[in-house]
Amino acid sequence: MTPEQRAAEFDAADPLAHYRECFTLPADVIYLDGNSLGALPKATPDVMRRVVEREWGEGLIRSWNASEFGAGWFSAASRVGGKIAPLIGAAQNEVVACDSTSVNLFKLIAAALQMRPGRKVILSEPGNFPTDLYMIAGLERQGLAERRLAPRDRLVEALGDDVALLMLTHVHYKTGALHDMAALTRAAHAAGALVLWDLSHSTGAVPVDLNAVGADFAVGCGYKYLCGGPGAPAFAFVAERHHARLEQPLTGWFGHAAPFAFSDDYADAPGIERMLCGTSPVLGLAALEVGVDLIAGIGAERLYAKSQALSEFLLESLMAHDVALELVSPPVSNARGSQLSFRHPHAYAICQALIARGVIGDFRDPDVLRLGFAPAYLSFADIAAAARHIAEVLASGEWRNDEFNQRAAVT
Ligand SMILES: *Cc1c(COP(=O)(O)O)cnc(C)c1O
């Protein structure tokens with residue numbers, strides 16, 4: 001059987017196949033970059049139109065409260081956070097949608113340092129997503145933190161009694177490798193440290209159970225698998241047991257216990273709302289809510305099962321075409337997130353040649369071709385076609401064309 005014939009059988013048996021209809025995707029595109037920017041849900045434009053024309057245009061300032069115009073802008077950050085919660089094993093009151101992942105990292109690293117007086121070290125791994133490491137640098141420059149990096153097989157021994165926080169990304173953005181969240185959380189706690197998990201490449205693709213592993217904090221992205229749109233608000237998780245003690249440094253009025261008391265003095269909101277800073281990005285939250293409703297409605301377990309089947313099928317199809325690319329992701333699907341990464345000295349040009357054929361993946365410096373499998377809207381037929389394009393691009397050497405070798409600003 002050809003990969004295309006196998007794909008037809010898999011698609012016919014795929015319980016998630018009909019969800020593709022919930023997304024707008026160009027007909028001539030095979031989209032293997034939903035791990036970087038999720039596709040547009042078909043419902044989003046109408047929701048945005050309603051929020052803009054009805055809630056903003058007619059409701060004006062009245063729309064901050066629940067009213068005839070809508071559910072209310074003021075509660076949107078907590079409401080959307082509560083809908084993300086089941087995807088990450090959190091309670092509804094432990095998650096809030098706000099700011100960017102970077103800003104949420106800053107708030108939580110600073111809060112963790114304050115909860116572990118006498119300890120200054122933030123432990124992470126080299127090659128973690130850049131913004132995660134850069135946000136430690138900012139606190140280092142303030143004299144508040146000290147960065148320590150240890151390779152993944154040395155993290156546990158690097159957990160000295162000076163470590164305030166272990167901060168890791170659950171699914172590695174470049175390789176897709178998964179950390180053992182339960183074991184690392186346990187080890188950090190045994191060393192007296194707190195743990196922050198970055199779930200940017202997990203949420204909406206890989207099941208996560210923050211409360212089962214006893215995680216302290218987490219952050220994640222709204223525009224990747226959650227399909228919230230470019231620059232969508234991110235989210236922050238704080239375990240309920242820390243709510244009363246947590247002090248984050250960006251003490252803006254939306255994190256205040258009574259923002260509309262207009263008091264001169266700051267007082268933390270009692271729950272997860274103390275993670276907020278300024279006025280919520282209402283339009284961004286409205287778009288994010290559509291994506292979250294859709295993805296959470298499918299459920300993390302079903303999404304991951306399909307993502308594993310898709311990535312296994314790509315490997316199988318590449319083999320059928322005799323493509324020998326060096327796999328840098330774990331070869332076993334339950335040891336990786338929802339992506340496959342391949343190393344090639346000309347990965348950039350290969351990626352560009354694929355994009356010219358409508359197969360959109362991405363390139364990660366210096367030599368990685370990264371293909372993401374957003375399980376909500378990809379079909380097995382997409383994967384079979386992608387494998388054929390990859391085989392043709394490599395066999396023909398068309399990636400050698402000059403046009404595929406000029407670097408753009410965003411890769
Ligand atoms: C995508 C991603 C981010 C993004 O942070 P922003 O503040 O939204 O730019 C952060 N961390 C990881 C691990 C990511 O993959």
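Start at 1 with the first residue, then count along the sequence. Note that the coordinates shown come from a computational prediction; the quantities given were computed from them, not determined experimentally. These values consider heavy atoms only, across backbone and side chains, with no hydrogens, waters or symmetry-generated copies. For ligands, and for the atoms within them, numbers begin at 1 and follow the listed sequence.
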Which residue pairs satisfy the salt bridge (charged side-chain N to carboxylate O under 4.0 Å, His left out) criterion with at least one member in residues 115-144, sequence neighbours excluded?
Glu125-Arg152
For His242 and Phe217, take the angle between the two ring planes, folded into 0 to 90°, and tell me which bin it lands in: parallel under 30, tilted 30 to 60, perpendicular over 60.
tilted
Cation over ring, Arg407 on Tyr348, under 6.0 Å and within 45°?
yes
With under 30° as parallel and over 60° as perpendicular, where do the rings of Tyr377 and Phe23 fit, or are they tilted in between?
tilted
Qualifying residues under salt bridge (Lys or Arg N to Asp or Glu O under 4.0 Å), relative to Arg343, sequence neighbours excluded
Glu326, Asp367
Within the 4.0 Å heavy-atom cut-off around ligand 1, the contacting residues, ordered by chain and number, are Ser100, Thr101, Ser102, Phe129, Thr131, Asp132, Thr169, Asp198, Ser200, His201, Cys221, Tyr223, Lys224
Tell me, please, which residues at least two apart from Leu37 pass side-chain contact (heavy atoms from CB on, under 4.5 Å).
Tyr31, Tyr223, Pro230
